[in-house]
Amino acid sequence: MADRPQLTSRATVVLIVNGAPITIEVNGTDAPITAGNFVDLVERGFYDGITFHRVVRQPSPFVVQAGDPQSKDPNFPTNLLGTAGFVDPATGQTRFIPLEIKSSGASQPTYNQLVNPPVQLPHNQGVISMARAQTLDSASSQFFITLANQPSLDGAYAVFGSVTSGFNFVDQIRQGDRISAARVTQGVIPSRSSAIITNVGLLNDLINFGNLANLPLGFTDLTNGDDVSTITGSIASLRALAGNDLVNGSNGNDVVNGNQGNDTLIGNDGSDYLRGGTDNDIVRGNNGNDILNGNRGNDLVDGGVGDDFIRGGQDNDTLIGGSGNDYLLGDFGVDLLTGGSGADTFLLRTDTNFGVTNLALADLITDFNPNEGDRIGVVGNINFSDLLFTTSGSDTQIKLNSGDILGLVQGISPQVVQGATFVASLGDLAVTRIG
């Protein structure tokens, strides 16, 4: 069991079914292996596109069941669904987990044993539990949600969470309805790690918010003209269309997409997800831990106060971290990266600087202060020994042995820059999945 993913706390997972969100609290405190298995599959994107192949409402409401990967194939016979589980690509074998049930009041669950009720997590209406075959340790990826209290299942099947919002949508599920997306939106997930964002709490907060912001819940659209809009309530996602738009965020957590035109997106208080579109945008996070992306065009992206993840996107961008411990990624184009106060991490990508031998086409890092904890991360499939740190006047060039210039650090000696530089893989950048 030690080789199975585990979750020792609680997490929130949102399923999108028929365009509607179903929010599930996953209970790793009372069912660490079962919850860990489910969350791991969500993180892998396993449930995206899977259907509810079993729905039982007659003679009385019972369950809706999903999780067979064969259901992703629309041509697979429905009557043969319910037989497959998750095949771990690392082993090529189906991953099974033990039956995990905690007796009411017990300190630890029991494994691969039927348990006499009462149990810590009973099959009340709206719980999520693992489906299995007759063998006790045969659960893999299939789960069911109860449509009514099912005490006859207590002690025989492993509950690991419950629906906290959207049960009315669960009650509307029909056989063949598909999960368009499943994402973790709250919780600290042990499998997440990054050489770039080493603060575990911040890493999980940013990933969770990015997951929530990118759920396919549709947009609230502005017009095709030049709009001025202030967000006053909870909006899943606001999208500016054509025109040069000004969007002022609320004091909550806002999600705004700029789309076309020269837009100004201002997050104000709260943790905001702001993404410019095409053309030249101004994107300001202000207070809170924000995720900001200039996207296309020559953009000004300013984090303001808070620990922000800032991406330039394509073209030539100006990135400003502001106050806080910020992460600045120029991406494509010729970018100006200014950290501000706090321990900032400047990220240079080897894949977007391939063939750059003209210093004027390299990213420029200003306000670099190792005494504040500033770092430079070179992201690519390289070793640290592949890097060269050379003097250019009072500045330092960071180059590859091949001659490709990655960036110029203003006003700092090569020895100091080298001592504050680390190498991360492209996989580390992918782990963040934000911006």
Side-chain angles (χ1 to χ4, degrees), residues 193-203 206 289 292 301-312 317-331 333-354 356 359-432 434-435:
S193 64
S194 173
I196 295 171
I197 303 179
T198 56
N199 182 316
V200 172
L202 179 63
L203 174 66
L206 291 174
N289 300 333
L292 310 175
V301 188
D302 184 352
V305 179
D307 300 337
D308 307 306
F309 191 90
I310 303 170
R311 299 188 72 156
D317 305 304
T318 298
L319 310 184
I320 303 172
S323 300
N325 305 324
D326 304 306
Y327 300 83
L328 297 89
L329 173 62
D331 274 335
V334 182
D335 304 305
L336 173 64
L337 286 66
T338 301
S341 60
D344 302 309
T345 301
F346 302 86
L347 300 171
L348 304 172
R349 293 178 57 168
T350 62
D351 56 332
T352 60
N353 288 281
F354 181 76
V356 174
L359 187 58
L361 299 179
D363 290 346
L364 175 62
I365 296 174
T366 70
D367 190 38
F368 184 72
N369 187 351
N371 293 327
E372 291 184 341
D374 289 357
R375 305 183 304 159
I376 296 173
V378 177
V379 184
N381 298 320
I382 63 166
N383 298 313
F384 195 88
S385 58
D386 296 322
L387 297 176
L388 296 174
F389 301 86
T390 61
T391 299
S392 177
S394 60
D395 307 325
T396 295
Q397 293 183 58
I398 303 177
K399 301 193 297 185
L400 295 176
N401 287 330
S402 63
D404 296 345
I405 302 174
L406 304 179
L408 181 70
V409 184
Q410 195 173 66
I412 306 293
S413 70
Q415 293 80 10
V416 173
V417 172
Q418 182 173 353
T421 298
F422 68 97
V423 169
S425 70
L426 291 172
D428 284 309
L429 186 60
V431 164
T432 61
I434 53 183

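- In terms of the side-chain contact (heavy atoms from CB on, under 4.5 Å) criterion, residue partners of N383 (sequence neighbours excluded) are, by chain and number, S385, D386.
- Distance CG/D363 to CG/L347: 10.5 Å, rounded to 0.5 Å.
- Taking all atoms of both residues into account, the shortest heavy-atom contact from E372 to G342 is OE1-O, 3.3 Å.
- Under the side-chain hydrogen bond (donor to acceptor under 3.5 Å, both in side chains) criterion, N289 pairs with no residue at all, not counting sequence neighbours.
- In this view, Q410 and L364, T366, D395 satisfy the side-chain contact (heavy atoms from CB on, under 4.5 Å) rule, not counting sequence neighbours.
- L388 contributes atom CG, which lies 10.0 Å from atom CD of Q397 (distance to the nearest 0.5 angstrom).
- Every residue was checked against the side-chain hydrogen bond (donor to acceptor under 3.5 Å, both in side chains) condition with S193, not counting sequence neighbours, and none meets it.
- Closest approach of F368 and I412 over heavy atoms only: O-CD1, 3.5 Å.
- For Q418 against F384, the heavy-atom pair with the smallest separation is O-CZ, 3.8 Å.
- Listed by chain and number, the residues in a side-chain contact (heavy atoms from CB on, under 4.5 Å) with D344 are D326, L328, F346, D374 (sequence neighbours excluded).
- The side-chain hydrogen bond (donor to acceptor under 3.5 Å, both in side chains) check on T198 picks up nothing, with sequence neighbours excluded.
- Smallest separation of non-hydrogen atoms from A343 and G373: CB-O, 3.7 Å.
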Task: side chain to side chain contact (heavy atoms under 4.5 Å, CB included) between V379 and D428, intermediate numbers included - done: CA-CA 8 Å; V379 184; D428 284 309; 5.9 Å; no
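- For the atom pair T345 OG1 and L337 CG, the distance stands at 11.5 Å (nearest 0.5 Å).
- Within the 4.5 Å cutoff, side-chain heavy atoms of V378 are placed close to those of T421.
- Of the options D308, I310, D331, D302, a side chain to side chain contact (heavy atoms under 4.5 Å, CB included) to L319 is made by I310 and by none of the others.
- Contact check for L387 versus L406: side-chain heavy atoms found under the 4.5 Å cut-off.
- To the nearest 0.5 Å, atoms OG1 (T396) and CG (L408) are separated by 7.5 Å.
- Taking every heavy atom of both residues into account, A195 and A424 meet most closely at CB-CB, 4.2 Å.
- Distance alone, capped at 3.5 Å, places no donor-acceptor pair between the R349 side chain and the L426 backbone.
- N199 is not listed as a side-chain neighbour of N325, based on a closest heavy-atom distance of 4.5 Å or more.
- Separating the CD1 atom in I398 from the CG atom in L348 is a distance of 5.5 Å, to the nearest 0.5 Å.
- D367 places a side-chain N or O within 3.5 Å of a backbone atom of G340 that can act as its donor or acceptor partner.
- Note that the OH atom of Y327 and the CD1 atom of I197 stand 5.5 Å from one another [nearest 0.5 Å].
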